[in-house]
J.: 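Submitted below is the structure of interest, expressed as structure tokens.
Below, each value reflects all heavy atoms present in this structure, side chains not excepted, and no hydrogens, waters or symmetry copies. Chain letters run A, B, ... following the sequence lines, proteins first and then strands; every chain starts at 1. In this text the structure is predicted, and so the values were computed from the model without any measurement.
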Amino acid sequence: AQTVTQSQPEMSVQEAETVTLSCTYDTSENNYYLFWYKQPPSRQMILVIRQEAYKQQNATENRFSVNFQKAAKSFSLKISDSQLGDTAMYFCAYKSGGSNYKLTFGKGTLLTVNP
Amino acid sequence: DGGITQSPKYLFRKEGQNVTLSCEQNLNHDAMYWYRQDPGQGLRLIYYSQIVNDFQKGDIAEGYSVSREKKESFPLTVTSAQKNPTAFYLCASSRGGTSGLAGFTGELFFGEGSRLTVL
């Protein structure tokens, strides 16, 4: 079974600085998808960024980018120019490319952006 | 506005009682999901439904039941058989369904959650 590990339960960063959240996963599949979801305090969880394993190019969405290392099974999220609104729980998630709708989530990293 | 509505936001239950959490979506999504979120545990899948009148168990289905009589609605019942029901419950929806995975990009749209506390 696939597992997703986020080794940093909590992190903090100063406003305007850059922070990187780590995620590793375990799979024997070659085709899969990886995601970062954001859950702000008392607000709905939303998708931040998505990466297909067959794409070598790292995904980027505005201030959010990933470092996808397929051989190392690593999928880190970099947030540039951190803003107070980035304060949230961040979840890394894995989806098999094959057969089902199931996403496997990591335990999350609580990121606090300080003014 | 399109979205997912969960109710109630907070619910208290006595031991031995069944409770039903409501989830409604107006995104015209085929697939719907229920996740359970515990502190330090991430999200775990309880049930999901790809289409009306069909649903599958997730990783932690024991003690829970669902129905999918309408495309817009996917209620979750937490039964008295669930040994540790105190948790935060998240409902989600996505494209996909019988059109298969071609329609499912992995993007889930979540509700705001329901917090259940057993007294």
Side-chain angles (χ1 to χ4, degrees), chain A residues 1-10 21 23-27 29 31-55 59 61 66 68 75 88-110, chain B residues 1-6 9-10 23 25 27 29-51 54-61 88-115:
Chain A
Q2 291 82 17
T3 58
V4 177
T5 302
Q6 294 179 249
S7 59
Q8 306 149 315
E10 294 187 37
L21 280 59
C23 173
T24 58
Y25 57 94
D26 185 26
T27 185
E29 298 177 336
N31 183 27
Y32 51 88
Y33 304 85
L34 296 163
F35 311 87
W36 280 98
Y37 276 85
K38 171 186 177 180
Q39 186 180 37
S42 301
R43 291 179 61 189
Q44 287 160 302
M45 188 176 302
I46 58 172
L47 178 66
V48 175
I49 201 164
R50 173 177 181 266
Q51 174 82 42
E52 292 96 333
Y54 65 86
K55 289 187 177 179
E61 288 288 341
V66 298
F68 174 47
F75 184 61
M89 183 73 81
Y90 287 83
F91 292 96
C92 180
Y94 170 101
K95 182 183 116 46
S96 168
S99 58
N100 60 49
Y101 288 78
K102 178 183 172 183
L103 268 68
T104 299
F105 286 84
K107 294 185 177 182
T109 296
L110 177 60
Chain B
D1 284 5
I4 298 181
T5 301
Q6 289 187 239
K9 274 190 117 170
Y10 300 94
C23 178
Q25 55 100 358
L27 299 168
H29 284 166
D30 288 309
M32 297 187 74
Y33 312 76
W34 276 104
Y35 283 89
R36 171 176 170 147
Q37 184 177 4
D38 296 284
Q41 292 296 318
L43 279 71
R44 292 180 290 170
L45 183 64
I46 304 172
Y47 269 97
Y48 69 98
S49 168
Q50 295 175 234
I51 194 171
D54 184 60
F55 48 82
Q56 284 78 42
K57 293 181 179 180
D59 296 321
I60 56 166
F88 189 57
Y89 291 89
L90 286 167
C91 180
S93 70
S94 74
R95 297 183 184 91
T98 55
S99 61
L101 290 171
F104 180 48
T105 63
E107 181 171 11
L108 299 178
F109 294 79
F110 285 89
E112 291 190 353
S114 294
R115 187 169 299 280

J.: Run the side-chain contact (heavy atoms from CB on, under 4.5 Å) test against B/R44 and tell me which residues pass, sequence neighbours left out.
T.: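 Per chain and number, B/R44 pairs via side-chain contact (heavy atoms from CB on, under 4.5 Å) with B/R36, B/D38, B/I60.
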
J.: Do A/F35 and B/L108 come close enough that some side-chain heavy atom pair is under 4.5 Å?
T.: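 Not touching, per the 4.5 Å side-chain cut-off.
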
J.: Against chain A, label B/F109 side chain, backbone, both or neither, depending on which of its atoms sit under 4.5 Å from a heavy atom there.
T.: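 It is neither, since no heavy atom gets under 4.5 Å.
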
J.: Who among B/L45, B/D59, B/I4 has the most heavy-atom pairs with chain A under 4.5 Å?
T.: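 The candidate making the most pairs under 4.5 Å is B/D59.
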
J.: Which bit of B/Q56 is near chain A, if near means a heavy-atom gap under 4.5 Å: side chain, backbone, both or neither?
T.: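 Neither part.
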
J.: Charged N to carboxylate O under 4.0 angstrom, A/R50 versus B/E107?
T.: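 No.
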
J.: If you count heavy-atom pairs under 4.5 Å between each of A/E52, A/K107, A/R43 and chain B, which one has the most?
T.: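 Max contact count across the listed options: A/K107.
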
J.: Do A/Y32 and A/Y94 have ring centres separated by under 6.0 Å?
T.: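 Between A/Y32 and A/Y94, the centre distance is under 6.0 Å.
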
J.: Under a 4.5 Å heavy-atom cutoff, which of A/L47, A/V4, A/L110 has the most pairs with chain B?
T.: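 Most pairs with chain B among the choices: A/L47.
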
J.: Does B/K57 have any salt bridge (charged side-chain N to carboxylate O under 4.0 Å, His left out) partners at least two apart in sequence or in another chain, and if so, which?
T.: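 For B/K57, no residue satisfies salt bridge (charged side-chain N to carboxylate O under 4.0 Å, His left out) once neighbours in sequence are set aside.
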
J.: Pick one of side chain, backbone, both or neither for A/Q39, based on which atoms fall under 4.5 Å of a heavy atom in chain B.
T.: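 Just its side chain gets close to chain B.
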
